[in-house]
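Heads up, the thing below is written out as structure tokens.
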Amino acid sequence: MALSSRLAAGLRGFVATRGIQQNLRFASSVDIPKYEYVEASLAGEKKNVGLIRLNRPKALNALCDALVADLAKAVKLMDKTPGIGAIVITGSEKAFAAGADIKEMKDTTFASNITCGLLQEWQEISKCSKPVIAAVNGYALGGGCELAMMCDIIYAGDKARFGQPEVSIGTIPGAGGTQRIARSCGKSKAMEICLSGNQFSAEEAEKMGLVSKIFPADKLVDEAVKLGEKISSHSPLIIALCKESVNKAFETSLAEGLSFEKRIFHATFSTKDQQEGMDAFVEKRAPKWTST
């Protein structure tokens with residue numbers, strides 16, 4: 001089979017596996033269930049942004065197993081829901097998530113961690129095919145910082161505090177802290193953050209490239225939703241492909257990443273959305289996406 005044919009077939013499979021339908025329906029028709037530790041809803045003028053708010057306020061949204069399970073379920077549901085183009089994850093103004101639940105994990109053992117798959121469910125967030133935006137207010141420490149970094153984009157409130165303090169309690173980051181900081185900020189900053197356990201401000205996080213933008217705390221979620229709405233205005237199929245291509249930069253060499261990007265770029269020309277997008281541009285009208 002020719003390369004172009006294989007890519008076209010792969011794109012058709014890509015669409016099918018993500019449940020993207022030719023005739024998109026609005027996500028507002030979806031009945032989003034209630035969860036114990038997260039609040040899930042639809043946001044934006046067209047209700048095309050999924051909003052998930054961590055809701056364990058007395059524990060500063062400490063990431064217990066039940067909260068992470070609820071979060072994973074909500075993300076998976078929104079990922080499969082046509083009409084939702086992006087997802088925003090946030091907490092309260094006091095805490096995005098103050099860390100993992102230490103009381104819950106302090107008496108576990110190496111064997112029990114392997115047997116129960118400790119932290120396994122966290123991967124559902126990073127596996128989401130739709131763009132995920134973290135809106136971080138207050139504390140994002142330990143697992144909270146790692147959860148933010150699992151998202152594709154981080155917006156921060158002006159009083160947000162980040163950190164990986166695991167060394168101060170006799171362990172190390174286990175949900176990507178040592179790896180994602182190094183890829184975003186470089187070796188020196190990653191070493192400083194992870195070996196000292198010190199907290200750092202939103203301004204420092206923006207300077208080192210961990211955070212995209214900073215907003216006043218009371219404006220943060222609205223700004224994250226606006227970004228989600230902008231993303232949702234584009235073809236869901238093309239957005240998913242673009243996200244996959246950016247992620248490839250963190251998983252391969254530059255040469256491999258450039259080759260992957262070029263082939264995906266070529267492959268978009270087998271889609272109706274590419275034709276529609278370019279036709280609409282030439283004709284000076286709004287495109288009508290079908291994710292085909």
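Given the structure is predicted, the values throughout are model-derived calculations rather than measurements.
Checking each of Val75, Val38, Leu51 against Ile89 for a side chain to side chain contact (heavy atoms under 4.5 Å, CB included) leaves exactly one that passes, namely Val75.
Scanning all heavy atoms of the two residues, the minimum distance from Pro173 to Cys194 falls at CG-SG, 4.4 Å. The shortest non-hydrogen separation linking Met150 to Ala175 is CE-O, 3.4 Å. Of all heavy-atom pairs between Ala40 and Ile32, the closest is CB-CG2, 3.6 Å. Taking all atoms of both residues into account, the shortest heavy-atom contact from Gly144 to Phe96 is O-CE2, 3.4 Å. Looking at every heavy atom in both residues, Ser291 comes nearest to Ser235 through OG-OG, 4.3 Å. Looking at every heavy atom in both residues, Ala156 comes nearest to Val211 through CB-CG1, 3.8 Å.
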Query - Step-by-step side-chain contact (heavy atoms from CB on, under 4.5 Å) determination, Ser126 to Arg180 - result: CA-CA 12 Å; Ser126 56; Arg180 289 191 172 94; 3.8 Å; yes
Report task. Would you check, one step at a time, whether the test side-chain hydrogen bond (donor to acceptor under 3.5 Å, both in side chains) holds for Ser253 with Glu256? Result -> CA-CA 5 Å; Ser253 68; Glu256 291 172 315; 3.2 Å; yes
Query raised in the report: Taking it one step at a time, do Leu71 and Leu147 satisfy side-chain contact (heavy atoms from CB on, under 4.5 Å)?
Result: CA-CA 11 Å; Leu71 175 59; Leu147 173 60; 3.8 Å; yes
Report task. Start with the C-alpha gap between Lys73 and Leu77, add the side-chain angles, then the distance that decides, and say whether side-chain contact (heavy atoms from CB on, under 4.5 Å) holds. Result -> CA-CA 6 Å; Lys73 290 173 186 175; Leu77 174 64; over 6 Å; no
Requested in this report: Apply side-chain contact (heavy atoms from CB on, under 4.5 Å) to the pair Arg285 and Asp279, showing each step before the final yes or no.
Outcome: CA-CA 9 Å; Arg285 59 174 175 81; Asp279 284 346; 4.0 Å; yes
Query raised in the report: When you look at Thr115 and Ser112, which way does the side-chain hydrogen bond (donor to acceptor under 3.5 Å, both in side chains) test go after all the steps?
Result: CA-CA 5 Å; Thr115 303; Ser112 68; over 6 Å; no
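Listed for the Asn61 side chain is no donor-acceptor partner under 3.5 Å among the backbone atoms of Gly91. Judged by distance alone, with hydrogens and angles left aside, the side-chain atoms of Ser245 form no donor-acceptor pair with the main-chain N or O of Leu241 at under 3.5 Å. Formation of a donor-acceptor pair under 3.5 Å by the Thr252 side chain with backbone atoms of Ala249 is not found in this model. In this structure, Lys243 contributes its side chain and Lys130 its backbone to a donor-acceptor pair below 3.5 Å. When atom types are taken as modelled, the side chain of Glu104 and the backbone of Asp65 share a donor-acceptor pair closer than 3.5 angstrom. A donor-acceptor pair under 3.5 Å links the side-chain atoms of Asp152 to the main chain of Val132, judged by distance alone. Remark: side-chain polar atoms of Thr90 are paired, donor with acceptor, to backbone N or O of Ala135 under 3.5 angstrom.
Considering only residues two or more places apart in sequence or on other chains, Tyr139 meets the ring pair (Phe, Tyr, Trp, His ring centres under 6.0 Å) condition with none of them. Scanning for side-chain hydrogen bond (donor to acceptor under 3.5 Å, both in side chains) contacts around Thr108 gives Asn113, with sequence neighbours left out. Every residue two or more places apart in sequence or in another chain that forms a ring pair (Phe, Tyr, Trp, His ring centres under 6.0 Å) with Phe215 is listed here: Tyr155.
The side-chain heavy atoms of Met149 and Ser184, taken from C-beta on, include no pair separated by under 4.5 Å. Between Leu237 and Thr292, every side-chain heavy-atom pair lies at or beyond the 4.5 Å cut-off. Counting only heavy atoms from C-beta outward, the side chains of Lys272 and Trp289 never approach each other to under 4.5 Å. You'll find the side chain of Leu42 reaches within 4.5 Å of the side chain of Ile84, heavy atoms only. Using a 4.5 Å heavy-atom cutoff, the side chains of Gln164 and Glu146 are in contact. Looking only at side-chain heavy atoms (C-beta outward), Asn137 and Lys159 stay at 4.5 Å or farther from each other. Counting heavy atoms from C-beta outward, Ser232 and Lys46 have side chains that stay 4.5 Å or more apart. The shortest side-chain heavy-atom distance between Ile154 and Val136 falls under the 4.5 Å cut-off.
The CD1 atom of Ile264 sits 5.5 Å away from atom CD of Glu244, with the distance rounded to the nearest 0.5 Å. Taking CD1 of Ile153 as the reference point, atom CD1 of Ile231 lies at 4.5 Å (rounded to 0.5 Å). In this structure, Ser92 OG and Leu60 CG are separated by 7.0 Å, a value rounded to the nearest 0.5 Å. For the atom pair CD (Glu204) and SG (Cys185), the distance works out to 11.0 Å, reported to the nearest 0.5 Å. Separating the NZ atom in Lys187 from the CD1 atom in Ile181 is a distance of 15.5 Å, to the nearest 0.5 Å. In this structure, CZ in Arg53 is found 7.5 Å from OG in Ser41, a value given to the nearest 0.5 Å.
A single hydrophobic cluster is seen to contain both Met78 and Leu54, as judged by linkage of ILVMFWY side chains at heavy-atom distances under 4.5 Å, directly or through other members. Ile52 and Val88 fall into different hydrophobic clusters, where Ile, Leu, Val, Met, Phe, Trp and Tyr residues are linked whenever their side-chain heavy atoms come under 4.5 Å apart, directly or through other members. No chain of hydrophobic side-chain contacts below 4.5 Å, direct or via other Ile, Leu, Val, Met, Phe, Trp or Tyr residues, connects Leu195 to Phe200. Note on Ile214 and Leu227: separate hydrophobic clusters, where clusters join Ile, Leu, Val, Met, Phe, Trp and Tyr whose side-chain heavy atoms are under 4.5 Å apart, directly or indirectly. Under a hydrophobic-cluster definition in which Ile, Leu, Val, Met, Phe, Trp and Tyr are linked whenever side-chain heavy atoms come within less than 4.5 Å, directly or via other members, Met105 and Leu67 are assigned to different clusters.
A salt bridge is absent between Asp79 and Lys127; no separation between the charged side-chain nitrogens and carboxylate oxygens falls under 4.0 Å. Ion pairing of Glu229 with Lys226 is absent here, as no side-chain N (NZ or NE/NH1/NH2) approaches a carboxylate O to less than 4.0 Å.
Few gaps surround CD on Glu283; more than 12 heavy atoms of other groups in view lie less than 6.0 Å from it. By the neighbour-count criterion of 12 heavy atoms within 6.0 Å, atom CD of Gln199 is densely surrounded, having more than that number from other residues, nucleotides or ligands.
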